[in-house]
Amino acid sequence: MKHSSLEDYEKVQAVLAYLYENWRDQPSLEDLAAPVGMTADQLQHLFTRWAGLTPKAFLQALTLDHARAMLKDSATILETSYEVGMSGPGRLHDLFVTHEGMSPGAYKSKGSGLTINYGFHPSPFGLAVVMVTPHGLCGMGFCDEGGQAAALYDLQRRWPNAHYMEDSAQTAPYAARIFAPDKWRDGQPLRITFIGSDFEIRVWESLLKIPMGRAVSYGDLATSIQKPKAARAVGAAVGRNPISFVVPCHRVMGKSGDITGYHWGLTRKRAILGWEAGQLAG
DNA sequence: ATGACATTCTTGT
DNA sequence: ACAAGAATGTCAT
C-alpha cells in the first residue's frame with residue numbers, strides 16, 4: 001500500500017463534506033471531484049491510494065445498510081471473549097492494547113502532579129495530537145485545518161492541572177505504531193492509561209471490545225456495563241473518550257445504524273469508518 | 001418524517 | 001445540593 005499524506009486526507013474530507021451537503025442531488029463522481037479541483041479520474045486514484053477502496057466501495061461502506069450489518073450481533077460482541085479487566089488485553093482483531101486506570105487521585109485532582117508529554121504527528125485523518133504519561137498513551141485528538149492550538153487545548157482542559165511539555169520524541173513512536181496497520185500486531189501491546197471517572201472508564205473499557213469492522217449501539221454499550229437504561233449517559237461518556245481512534249468510539253452508532261455524533265467531527269467519523277473498511281478489504 | 005419527553009450520569013454553580 | 005446538558009431511544013402524531 002502506498003503511503004497516504006496529510007493533503008490526501010484534506011481532499012477526502014472535503015469530498016465527504018461536500019457529499020453530505022449535497023446528497024439530495026445525487027452527485028456524480030465528476031460533481032464530487034470538481035470542488036476540490038480534481039478530475040473524476042484523479043479522485044478515483046486518491047481514494048484507492050488513501051483508503052484502499054474505490055470511491056464507490058468507500059461510499060458503500062458508509063451506507064445505512066452497511067452500518068446495520070456492522071451492528072448485527074452487536075450485543076453479543078461486547079460479551080464475547082475474555083473479560084477486559086483492569087489491565088487486560090483488548091481490541092480483538094487489530095491493535096492490541098493494555099490499559100490501566102490512572103491512580104485514583106490523579107483524576108480527582110484533574111491531573112495535578114502528572115507530567116504529560118505531547119506532540120503533533122501526521123495521520124491518515126489529519127494532524128494528530130498525541131499525549132503520553134510514563135504509564136502510556138493517555139490522549140489523542142485530531143486537528144482541523146489550522147486548529148492545532150484548539151486541538152491541544154481540547155485535550156489539556158480535561159486535566160487542567162497536569163504539567164504539559166511538548167516532546168515529540170516521546171510521542172512519535174506511539175503515532176508511528178497507531179497509524180501503521182502492519183505494525184498493529186507486532187511485539188508488545190500498546191500501553192494506554194485512562195484518566196476519567198469510574199463510569200467513563202467502564203464505558204471506555206467496553207469500547208475496546210469492539211473489533212474493527214463491527215459496531216455497537218449506545219444502548220448495547222449501556223447494557224454491557226449493567227446499566228441498560230443509561231444509553232444517554234453512555235453517549236455522553238463515549239463523547240468524552242480522550243484517546244480517539246485507539247479507543248474506537250467511532251464504532252458506536254445509533255440503534256438504527258445512523259451515524260450520529262463525533263467529538264472530532266462527523267466527517268472524520270465517516271472517514272475513519274471508510275478507511276477501516278479499506279484496511280479490512282486490503 | 002418530526003417532535004416531545006423519559007431517563008441516567010457528570011459537572012459547574 | 002441542584003440544575004443543565006449530553007455523540008439516545010421510544011412513542012405519538
Side-chain angles (χ1 to χ4, degrees), chain A residues 13 16-17 20-21 23-26 61-68 70-75 77-78 101-102 104-112 125-126 128 138-144 147 150-151 153-162 194-210 212 214-276:
Chain A
Q13 161 138 287
L16 285 179
Y20 282 88
E21 270 307 299
W23 62 272
R24 288 163 194 284
D25 306 335
Q26 302 271 332
L62 298 176
T63 60
L64 197 55
D65 270 359
H66 190 269
R68 292 205 173 109
M70 298 206 334
L71 276 172
K72 194 171 175 319
D73 305 324
S74 58
I77 279 174
L78 291 167
M102 182 45 53
Y107 166 66
K108 284 215 160 127
S109 63
K110 302 188 186 298
S112 78
F125 316 105
C138 70
M140 187 163 92
F142 293 104
C143 312
D144 284 309
Y153 176 68
D154 175 64
L155 285 182
Q156 283 180 328
R157 74 179 157 184
R158 297 162 191 242
W159 317 294
N161 297 330
F194 284 142
I195 313 173
S197 70
D198 282 353
F199 182 79
E200 287 169 339
I201 291 179
R202 290 225 303 291
V203 171
W204 300 340
E205 283 172 349
S206 277
L207 293 177
L208 288 174
K209 298 186 184 179
I210 314 169
M212 185 158 66
R214 306 305 306 268
V216 305
S217 71
Y218 296 92
D220 292 332
L221 227 34
T223 303
S224 81
I225 59 168
Q226 320 295 318
K227 297 206 176 303
K229 297 188 170 159
R232 192 169 186 162
V234 163
V238 171
R240 271 180 243 121
N241 166 32
I243 317 181
S244 165
F245 186 73
V246 173
V247 177
C249 58
H250 52 278
R251 296 179 199 149
V252 189
M253 48 188 71
K255 202 178 199 87
S256 64
D258 285 332
I259 297 184
T260 49
Y262 195 63
H263 185 80
W264 291 274
L266 264 190
T267 301
R268 190 170 268 104
K269 184 168 180 173
R270 295 190 182 105
I272 294 175
L273 256 9
W275 182 88
E276 286 191 338

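Just so it is clear, the model here is predicted, and its values are computed rather than measured. Protein chains get the first letters and strands the later ones, always in sequence-line order, with residue 1 at the start of each.
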For this session: Please check if the side chain of A/N161 supplies one atom and the backbone of A/S109 the other of a donor-acceptor pair under 3.5 Å.
Result: yes

Problem set entry | Watson-Crick and G-U pairing of DNA chain C, under 3.5 Å, as dot-bracket with | and [ ] | ||||||.||||||

Exercise. 5'-most contact on DNA chain C: A/G254 or A/A236, nearest heavy atom basis?
Worked result: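 The residue whose closest nucleotide sits nearer the 5' end is A/A236.
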
Just how far, in rounded Å, is [atom2] of [N] from [atom1] of [X]?
X: A/E200; N: C/dA7; atom1: CD; atom2: C1'; value: 14 Å
X: A/D220; N: C/dA7; atom1: CG; atom2: P; value: 19 Å
X: A/H263; N: C/dG5; atom1: NE2; atom2: C1'; value: 15 Å

Exercise. Do A/Y262 and C/dA7 have a side chain to base donor-acceptor pair shorter than 3.5 Å?
Worked result: no

Exercise. Can you find a side-chain donor-acceptor pair between A/S244 and A/Y262 that sits under 3.5 Å?
Worked result: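 A/S244 vs A/Y262: donor-acceptor pair found between side chains.
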
Exercise. Looking just at side-chain N and O atoms, do A/T63 and A/D65 make a donor-acceptor pair shorter than 3.5 Å?
Worked result: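 No donor-acceptor contact under 3.5 Å links the two side chains.
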
Problem set entry | Those residues that, when tested against A/R232, pass salt bridge (Lys or Arg N to Asp or Glu O under 4.0 Å) (two or more places apart) |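 Here no residue qualifies.
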
Exercise. Are any non-hydrogen side-chain atoms of A/V252 and A/S217 less than 4.5 angstrom apart?
Worked result: no

Exercise. Should the pair A/F142 and A/F125 be assigned to parallel (<30°), tilted (30 to 60°) or perpendicular (>60°) ring geometry?
Worked result: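 Perpendicular, since the angle between the ring planes exceeds 60°.
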
For this session: Could you check whether A/A233 gets within reach of a base, just the sugar-phosphate, or nothing at all, counting any heavy atom under 4.0 Å?
Result: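 Base, at least one base atom sits under 4.0 Å.
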
Exercise. Looking across every strand, which nucleic acid part, if any, lies under 4.0 Å from A/S197 by heavy atom: base, sugar-phosphate, or nothing?
Worked result: sugar-phosphate

Problem set entry | First and last nucleotide of DNA chain B, 5' to 3', lying under 4.0 Å from heavy atoms of chain A | B/dA6 to B/dT11

